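All chains are named by letter (A, B, ...) in the order of the sequence lines, taking the proteins before the strands, and each is independently numbered beginning at 1. Fair warning: this is a prediction, and the values are worked out from it, not measured in the lab.
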2 protein chains.
Amino acid sequence: MRAALNLAPVMNLQSTRIVLVNTTHPGNIGGVARAMKNMGLGELYLVAPHRYPDEQAVWRAAGAGDILERAVVVESLDQALANCQFVVGTSARGRRIPWPTLDPRRCAKQIAAAAQRGARVAVVFGREDRGLTNDELQACNLHLHIPSHPDYTSLNLAMAVQIVSYELRMLALADELPDNPQQEWDAELCSAENLERFYEHLEQTLVEIGFLDPAAPRQLMTRLRRLYGRVQLDEMELKILRGILTETKNTIEKSSY
Amino acid sequence: MRAALNLAPVMNLQSTRIVLVNTTHPGNIGGVARAMKNMGLGELYLVAPHRYPDEQAVWRAAGAGDILERAVVVESLDQALANCQFVVGTSARGRRIPWPTLDPRRCAKQIAAAAQRGARVAVVFGREDRGLTNDELQACNLHLHIPSHPDYTSLNLAMAVQIVSYELRMLALADELPDNPQQEWDAELCSAENLERFYEHLEQTLVEIGFLDPAAPRQLMTRLRRLYGRVQLDEMELKILRGILTETKNTIEKSSY
């Protein structure tokens with residue numbers, strides 16, 4: 001049994017709200033909807049968009065039309081944030097007054113912590129050209145900065161939402177994704193014993209075809225052991241490799257009659 | 001020289017290659033260029049794009065026109081990967097034969113580890129509608145899967161590149177060592193081109209010894225590609241494996257006289 005706290009989901013992605021302020025291009029709104037749905041987010045608020053609804057938004061949303069249909073259009077940021085308890089604002093660096101600013105990964109952790117305390121969370125994205133105003137940023141608990149390259153810092157709006165949504169999803173999945181994922185595989189790993197038998201079989205064959213000179217073996221078997229050792233062969237692969245060795249021998253014997 | 005290698009940064013983002021295969025919409029190519037430049041990547045290869053150059057690409061690239069201008073257009077994936085030593089292919093889940101598959105974060109670590117060993121790295125993205133073919137995926141050392149929500153798994157191409165580029169940038173900024181630091185190695189990683197030649201040689205030999213029936217190949221070559229692809233062969237090992245194939249043939253021919 002896991003502790004009660006651990007039974008609760010880290011974060012309800014569906015109700016983590018994305019807020020877009022004064023978006024100019026409806027295509028970007030569609031791109032945002034798609035990015036959200038891809039990552040399991042569901043709640044979109046639009047603060048005074050320039051052109052909305054618009055067929056470009058629908059087109060770019062592709063299979064995420066339901067997010068657009070449910071999107072809530074409001075007149076002011078205050079309205080969009082009315083019932084939220086933890087608000088993150090996306091920001092370029094270099095504001096006059098320093099604000100707690102985190103990259104998307106660290107920010108996602110703060111969001112999860114807030115959500116775990118029962119907070120309703122919103123992440124606010126600004127205008128394509130100017131981002132959020134200082135007043136808008138000061139309505140936020142925390143600022144988020146995507147560490148873009150100094151040569152070209154201006155991310156497309158939907159791309160920025162994609163990155164933040166991705167980080168939220170990675171965090172939500174963290175429980176399911178162990179650090180060393182033991183992947184699904186279609187065959188068992190081979191045993192050390194069978195691997196040794198393969199090496200013997202291999203060595204014998206290499207002598208037979210004249211590739212390995214027992215009087216001067218050099219590092220050949222060492223290198224082959226390093227190769228087949230580090231790949232972690234499964235039993236099916238081992239069977240194939242041994243089958244190849246067997247057929248090599250059979251072919252040589254047949255040929256020599 | 002080893003010492004010089006260790007002084008190098010963890011990863012040269014500028015020369016981490018992004019390869020797009022058969023892209024349909026030129027706007028996506030522009031979106032990819034922008035995503036790359038935002039994250040500090042610089043090398044774009046286009047394999048037989050449907051429409052390129054195209055003004056939609058330029059428009060979507062916004063301030064990343066220089067990446068488009070330097071983009072290399074080639075006819076085949078082989079050409080795009082010719083001098084690469086570590087190739088990552090993006091993939092949806094559910095291939096018939098499981099392949100080593102990581103999420104973008106863990107994959108970025110593997111890329112950094114390969115780069116640290118001096119490998120030239122390519123990350124390959126498939127068609128908007130169908131992704132990469134099984135053959136294309138089998139040319140890759142590792143598969144990358146973006147853990148999208150099961151309700152809507154299909155990411156826009158530029159979004160997928162954005163996420164992967166973001167992870168590479170986060171890693172480059174973290175200046176942290178990968179989880180599984182690769183040790184110093186005594187030989188260069190083999191190129192994708194030489195690996196392909198080995199597969200051809202191997203297949204030919206397997207037919208010759210009667211282990212592979214061209215009329216009923218089943219999954220044999222796929223399994224062998226998965227095996228040799230995931231081990232990241234070095235040039236010395238490749239030379240040994242090809243030497244074995246050559247000697248096998250010689251022995252059969254000598255025996256039949």
Side-chain angles (χ1 to χ4, degrees), chain A residues 13 31 34-35 37-40 60 62-64 103-105 146-149 151-156 158-159 162-163 166 169-170 173 177 179-181 183-186 206 208-211 220 223-224 226-228 230-231 233 236-237 240-241 243-244 247-248 250-256, chain B residues 13 31 34-35 37-40 60 62-64 97-98 100-106 146-149 151-156 158-159 162-163 166 169-170 173 179 205-206 208-211 220 223-224 226-228 230-231 233 236-237 240-241 243-244 247-248 250-256:
Chain A
L13 286 179
R34 181 172 180 178
K37 188 162 181 183
N38 282 152
M39 296 295 120
R60 280 280 298 282
D103 66 48
R105 186 157 311 157
I146 297 175
S148 52
H149 194 280
D151 281 355
Y152 188 33
T153 56
S154 161
L155 264 82
N156 168 268
M159 293 291 186
Q162 179 73 74
I163 288 174
Y166 163 76
R169 179 154 184 80
M170 286 295 278
L173 288 174
L177 298 171
D179 260 352
N180 277 318
Q183 284 199 279
E184 278 185 43
W185 205 252
D186 53 356
L206 294 183
E208 215 152 342
I209 64 172
F211 192 73
L220 187 58
R223 285 188 180 276
L224 287 167
R226 182 176 72 170
L227 190 174
Y228 291 109
R230 75 176 188 272
V231 74
L233 294 169
M236 173 80 87
E237 289 166 341
I240 291 173
L241 292 176
I244 293 173
E247 279 316 308
T248 300
N250 288 346
T251 308
I252 292 168
E253 283 174 0
K254 262 183 284 174
S255 307
S256 61
Chain B
L13 287 179
R34 180 171 181 180
K37 188 162 181 183
N38 282 151
M39 296 295 122
R60 279 280 297 280
I97 295 191
T101 303
L102 297 176
D103 66 50
R105 185 157 312 157
R106 288 168 183 87
I146 296 175
S148 51
H149 194 280
D151 281 353
Y152 187 33
T153 58
S154 160
L155 264 81
N156 168 268
M159 292 291 185
Q162 179 71 73
I163 288 175
Y166 163 76
R169 177 152 187 81
M170 285 295 277
L173 288 175
D179 269 354
T205 308
L206 295 182
E208 215 151 345
I209 65 172
F211 191 72
L220 187 58
R223 286 189 181 275
L224 287 167
R226 182 177 74 172
L227 190 172
Y228 290 109
R230 75 176 188 272
V231 74
L233 293 169
M236 174 78 89
E237 289 166 342
I240 291 172
L241 292 176
I244 294 173
E247 278 316 310
T248 300
N250 288 345
T251 308
I252 293 168
E253 283 172 2
K254 260 185 287 176
S255 306
S256 60

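Between chain A and the residues Glu247(B), Glu208(B), Arg169(B), the most heavy-atom pairs under 4.5 angstrom are made by Arg169(B). The most heavy-atom pairs under 4.5 Å with chain A, out of Ser154(B), Gly40(B), Gly210(B), come from Ser154(B). If you tally non-hydrogen atom pairs under 4.5 Å between each of Gly63(B), Ala62(B), Gly31(B), Ala64(B) and chain A, the highest count goes to Gly63(B).
When all heavy atoms of Phe211(A) and Gly243(B) are compared, the closest pair comes out as CE1-C, 3.3 Å. Listed here is the closest heavy atom pair of Lys37(B) and His149(A): O-CB, 3.7 Å.
Taking CD1 of Ile252(A) as the reference point, atom CD1 of Ile209(B) lies at 9.0 Å (rounded to 0.5 Å).
Here the side chains of Leu241(A) and Leu227(B) are in contact, with some heavy-atom distance below 4.5 Å. With a 4.5 Å cut-off on side-chain heavy atoms, Tyr228(B) and Val231(A) do not count as touching. Side-chain contact between Ile244(B) and Leu224(A) is present, with heavy atoms from C-beta onward closer than 4.5 Å. Side-chain atoms of Arg34(A) and Asn156(B), non-hydrogen and from C-beta on, do get closer than 4.5 Å to each other. For the pair Ile163(B) and Met39(A), the minimum side-chain heavy-atom distance is below 4.5 Å.
Contacts of Asp103(A) with chain B are made by side-chain atoms alone, with heavy-atom separations under 4.5 Å and no backbone atom involved. Both the backbone and the side chain of Leu155(B) come within contact range of chain A, with heavy atoms under 4.5 Å apart. For Thr153(B), the part lying under 4.5 angstrom from a heavy atom of chain A is the backbone only. Heavy-atom distances place both the backbone and the side chain of Arg223(B) under 4.5 Å from chain A. Both the backbone and the side chain of Leu233(B) come within contact range of chain A, each with at least one heavy atom under 4.5 Å from a heavy atom of that chain.
Checked for salt-bridge contact, Arg226(B) and Asp186(A) meet the test: a charged N lies under 4.0 Å from a carboxylate O.
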Asn38(A) and Met159(B): side-chain contact (heavy atoms from CB on, under 4.5 Å), yes or no, with the steps?
-> CA-CA 10 Å; Asn38(A) 282 152; Met159(B) 292 291 185; 5.8 Å; no

